[in-house]
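Within every chain, numbering begins at 1; the chains are lettered A, B, ... in the order of the sequence lines, protein sequences first and strands thereafter.
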Number of protein chains: 2
Amino acid sequence: MSALNAHIGYRVRIAQVRIFKDVYERMERLSMTLGAFSALLVIRDNPGVRQGVLGAAMHIKRPNMTKLVNGLEKDGLVTRLTPPDDKRAVELRLTPLGEARIAEAVRSVGAHDEAVRDLLGARDRATLLRLLDRITEGLTPER
Amino acid sequence: MSALNAHIGYRVRIAQVRIFKDVYERMERLSMTLGAFSALLVIRDNPGVRQGVLGAAMHIKRPNMTKLVNGLEKDGLVTRLTPPDDKRAVELRLTPLGEARIAEAVRSVGAHDEAVRDLLGARDRATLLRLLDRITEGLTPER
DNA sequence: TATTGTTATACTCTATAACTATA
DNA sequence: TATAGTTATAGAGTATAACAATA
């Protein structure tokens with residue numbers, strides 16, 4: 001249709017949208033947003049992670065992180081805990097229900113990820129990740 | 001930080017966000033949204049394109065297309081024209097101002113695209129696009 | 001009846017500024 | 001003063017339903 005296709009960014013975006021469409025559908029079936037999935041996964045792997053650290057990992061601003069965690073807490077999936085050594089902070093942990101829900105979601109997304117892996121094969125998959133990282137790191141200014 | 005990195009979709013998304021951050025900044029300097037840029041580019045290459053066709057090309061729903069084109073028209077960048085053979089439809093064309101603005105934007109985005117190309121080189125760029133397409137097409141169910 | 005575009009509306013994601021309570 | 005989190009708010013982007021005009 002147009003010159004859009006000539007832009008690498010556009011092509012990367014099309015692939016990303018396509019992948020996420022599948023993942024969204026799986027998440028929807030579990031009544032979970034993608035943001036909730038990502039947060040639960042990171043908390044599972046980093047029990048007691050501070051809210052700000054989680055936000056940084058997810059590239060989500062503090063105010064939006066508050067809303068996301070509010071939802072997770074209201075659904076009984078995570079607990080907020082104020083550490084005694086810094087009463088400003090909030091530590092996040094999964095509840096047993098949160099553990100069960102993320103395990104379920106990981107199974108579903110894992111199945112999707114396998115489909116993508118199979119499309120590429122191990123070798124091409126490694127190549128793709130390497131090239132994507134070169135873009136990500138190459139465009140990120142040194143700090 | 002987490003298991004997110006193991007997911008291909010997440011890595012594709014990180015690269016996409018990184019690329020679009022640059023493009024957004026360039027668009028911002030030109031007081032143009034990315035949607036406006038894409039629309040102007042497609043209209044430039046397809047003068048008289050119908051609004052619905054443009055929306056399909058951009059994967060934008062009709063009601064949202066209306067809002068986008070309203071803005072472009074209000075800014076004097078495009079004209080709406082009702083073709084005599086189908087009075088329901090709307091044909092879109094760039095105004096001289098629209099031509100000037102898209103030319104300017106294409107120069108700016110072109111410079112960015114070159115930076116990405118230089119990061120990869122011609123060979124790896126072709127490989128990346130091929131692998132992305134395999135994902136996009138492989139996940140898209142036949143119609 | 002179906003299609004093109006519009007209007008109204010709502011939901012998600014993202015962003016900034018002002019606030020609180022701690023450090 | 002600076003930091004962690006919250007609140008309020010506003011802007012994109014996207015989704016559906018109901019509508020008018022036309023085919």
Counting only side-chain heavy atoms from C-beta out, which of [options] sits nearest to [X]?
{"X": "K61(B)", "options": "dA15(D), dT4(C), dG5(D)", "answer": "dA15(D)"}
{"X": "T33(B)", "options": "dT22(C), dG13(D), dT6(C)", "answer": "dG13(D)"}
{"X": "R88(A)", "options": "dA23(D), dG5(C), dA21(C)", "answer": "dA21(C)"}
{"X": "P63(A)", "options": "dA23(C), dT14(D), dT16(C)", "answer": "dT16(C)"}
{"X": "K67(B)", "options": "dA23(C), dT9(C), dG5(D)", "answer": "dT9(C)"}
{"X": "Q51(B)", "options": "dT6(C), dT22(C), dG5(D)", "answer": "dT6(C)"}
{"X": "N64(A)", "options": "dT4(C), dT14(C), dT22(C)", "answer": "dT14(C)"}
{"X": "R62(A)", "options": "dT9(C), dA4(D), dT4(C)", "answer": "dA4(D)"}

Just the rounded figure in Å: distance from [atom2] of [N] to [atom1] of [X].
{"X": "M58(A)", "N": "dG5(D)", "atom1": "CE", "atom2": "P", "value": "14 Å"}
{"X": "D85(A)", "N": "dT3(D)", "atom1": "CG", "atom2": "C1'", "value": "14 Å"}
{"X": "F20(B)", "N": "dG13(D)", "atom1": "CZ", "atom2": "P", "value": "11 Å"}
{"X": "D86(A)", "N": "dA21(C)", "atom1": "CG", "atom2": "P", "value": "15 Å"}
{"X": "L68(A)", "N": "dA15(C)", "atom1": "CG", "atom2": "P", "value": "14 Å"}
{"X": "R50(A)", "N": "dA23(C)", "atom1": "CZ", "atom2": "P", "value": "10 Å"}

Please compare I60(A) and P83(A) by the position of their nearest nucleotide in DNA chain C and report the one closer to 5'.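 Final value for this comparison: I60(A).
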Any side-chain heavy atom of V90(A) within less than 4.5 Å of one from M65(A)?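 No. Closest side-chain heavy atoms not under 4.5 Å.
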Side-chain touch V23(A)/D113(A), heavy atoms, less than 4.5 angstrom: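 No, their side chains stay 4.5 Å or more apart.
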Going through the checks in order, is the salt bridge (charged side-chain N to carboxylate O under 4.0 Å, His left out) test met by R101(A) and D75(A)? CA-CA 11 Å; R101(A) 302 281 278 110; D75(A) 290 346; over 6 Å; no
Nearest-nucleotide 5' precedence on DNA chain D, V90(A) against R13(A):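 On the 5' side of the pair lies V90(A).
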Closest heavy-atom contact between T33(A) and A36(A)?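 Heavy atoms of T33(A) and A36(A) come nearest at OG1-N, 3.0 Å.
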If the cut-off is 4.0 Å, is R80(A) near the phosphate of dA4(D), judged by side-chain N/O to OP1 or OP2?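 So the side-chain polar atoms of R80(A) never come under 4.0 Å of the phosphate oxygens OP1 or OP2 of dA4(D).
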Before you tell me yes or no, could you show the steps for R18(B) and D22(B) under salt bridge (charged side-chain N to carboxylate O under 4.0 Å, His left out), namely the whole-Å CA-CA distance, both residues' side-chain angles and the distance that decides it to 0.1 Å? CA-CA 7 Å; R18(B) 192 56 263 263; D22(B) 279 15; 2.6 Å; yes
